Amino acid sequence: MNNDQEDHQNKQNDDFEVPLNEKVDEPGRQFYIPSQIVDEFGEKGRDHLYKPFRSQLLLALTAGSFMTFGAVFSILLAIGVEAKGVSHLLSGIGFAAGYAMVFISGSVLFTEINVLLPSYLFNKGGLRKKSIYQFWASAYIGNILGAFLVAVFIQLSASLSPKFYSELAVFLDHKMKFMESGMIGWFEILVSGILANWLIGMAAFLTTAARDITGKFLGTMLPVILFVAGNFQHSAANMGYFSMGILSSNQYAWYEYILFNLIPASIGNLIGGGILVSLLFSYAYKEDLQTNTGNTD
């Protein structure tokens, strides 16, 4: 290699060298880190909490309506599918559509509130007790009313086939099987409710982590498919199934749905979302949250 060629090669190498005192540009992360997610939970909890009551109730009605749409879609996709694994997968994808609408629209779902409010309590503080209880009550009642309202509209539309109602009966039996075991079954539903909202809390966690719409859909979908496949009892989801069941058959009485499923499932959902997701991560990342907010006390 002659001198001219060597000088040219050295110049090219110099062009690619990065000075020691300069940082290499790296692509930005496509997700939030866990401490940022927990902080975002608290912010969302505060935003929901201090909305006017009419807004809270309307957003809860909307969330409940999405639960019935998700329940109907999960059944429609499973009709005629014999393979259990495929049936569970399709049902989970169907219900994930309802949850995606909830998370992305900012609607108020009781089981999501079980994650957001404890995060605010633990990290932000300064809550008025009256407003907390009012908010929780409005979310729960609004979800039930919204789920039932959409079920009424679907029944009036006469859009669904007899095959749908046959499949619905199978779903209802699957969810009400615990009733045969009495108090043991009641306790089993409570534990199943803990598992269900643990997973839905993680769906909220993953959805909040994502910074684009595709990531939010995937983050929602995976835990929802798991809770549907596992038959874990999620009170808000069951509101959708039970609303359709009350209007279409006398398979179970309305009070049986409430006493032998919704009540224990709701208690379990509070524990699963509030403790195993919200408070667990809030405590684990407490120091990071204090650093981010400038509070080191």
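These numbers were taken from a predicted model, which means no experiment stands behind them.
Ring centers of His234 and Phe95: at least 6.0 Å apart, outside the cut-off. Note: Phe232 and Phe227 fail the aromatic proximity criterion, with ring centroids not under 6.0 Å apart. Within the 6.0 Å centre-distance limit, the rings of Phe281 and Phe205 are counted as a close aromatic pair.
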Discussion item. Evaluate Phe164 against Met244 for side chain to side chain contact (heavy atoms under 4.5 Å, CB included), listing each step before the verdict.
Written reply: CA-CA 11 Å; Phe164 170 86; Met244 292 298 298; 3.8 Å; yes
Practice prompt. Go through the steps for Ser278 and Phe41 under the test side chain to side chain contact (heavy atoms under 4.5 Å, CB included), then give the verdict.
Written response: CA-CA 8 Å; Ser278 178; Phe41 278 173; 5.5 Å; no
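The shortest distance between side-chain heavy atoms of Ser138 and Phe53 falls below 4.5 Å. Residues Phe31 and Gln36 form no side-chain contact, since every pair of their non-hydrogen atoms from C-beta on lies 4.5 Å or further apart. Tyr120 has its side chain out of reach of His48: every pair of non-hydrogen atoms, C-beta onward, lies at least 4.5 Å apart.
Between the side chain of Gln251 and the backbone N or O of Ala169, at least one donor-acceptor pair lies under 3.5 Å. Within the 3.5 Å criterion, the main-chain N or O of Glu188 finds no donor-acceptor partner in the side chain of Ser192. With Ser266 contributing its side chain and Ser235 its backbone, the two residues share no donor-acceptor pair below 3.5 Å. A donor-acceptor pair under 3.5 Å is formed between the side chain of Gln56 and the backbone N or O of Lys51.
Counting only N and O atoms by type, the side chains of Asn261 and Lys175 include no donor and acceptor under 3.5 Å apart. In this structure, a donor-acceptor pair under 3.5 Å is absent between the side chains of Asn269 and Asn114.
Note that OH of Tyr255 is 11.0 Å distant from CD1 of Ile258, once rounded to the nearest 0.5 Å. Here Leu172 contributes atom CG and Phe242 contributes atom CZ; the two are 7.0 Å apart, rounded to the nearest 0.5 Å. We find the OH-CG distance between Tyr285 and Asp39 to be 13.5 Å, quoted to the nearest 0.5 Å. To the nearest 0.5 angstrom, Tyr99 atom OH is 4.0 Å from Ile200 atom CD1. Note: Leu116 CG to Thr208 OG1 = 7.5 Å, rounded to the nearest 0.5 Å. Note that the OG1 atom of Thr220 and the CG atom of Leu206 stand 8.0 Å from one another [nearest 0.5 Å].
No single ILVMFWY cluster, assembled from side-chain heavy atoms under 4.5 Å apart, contains both Ile275 and Ile189. A single hydrophobic cluster is not seen to contain both Trp198 and Ile225; linkage of ILVMFWY side chains at heavy-atom distances under 4.5 Å, directly or through other members, places them apart. Cluster annotation: Val191 and Leu276 are assigned to distinct hydrophobic clusters (Ile/Leu/Val/Met/Phe/Trp/Tyr, side-chain heavy-atom contacts under 4.5 Å, transitive). The hydrophobic clustering, which links ILVMFWY residues whose side-chain heavy atoms are closer than 4.5 Å, places Leu145 and Phe135 apart.
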Indicate every side-chain donor-acceptor pair of residues 63-81 with a distance under 3.5 Å to a residue at least two apart or in another chain.
from, atom 1, to, atom 2, distance (Å)
Ser65, OG, Thr62, O, 2.5
Thr68, OG1, Ala147, O, 2.8
Ser74, OG, Ala71, O, 2.7
Ser74, OG, Tyr241, OH, 2.7

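In this structure, Phe153 places its CZ atom where only 12 or fewer heavy-atom neighbours from other residues, nucleotides or ligands lie under 6.0 Å away. Residue Leu156 qualifies as enclosed at atom CG: its count of foreign heavy atoms under 6.0 Å is above 12. Counted within 6.0 Å of OH on Tyr283, heavy atoms from surrounding residues, nucleotides or ligands total 12 or fewer; the atom is thus considered open.
Tested against Phe110, the residues Leu270, Ile144, Asn197 include a single side-chain contact (heavy atoms from CB on, under 4.5 Å) partner, Leu270.
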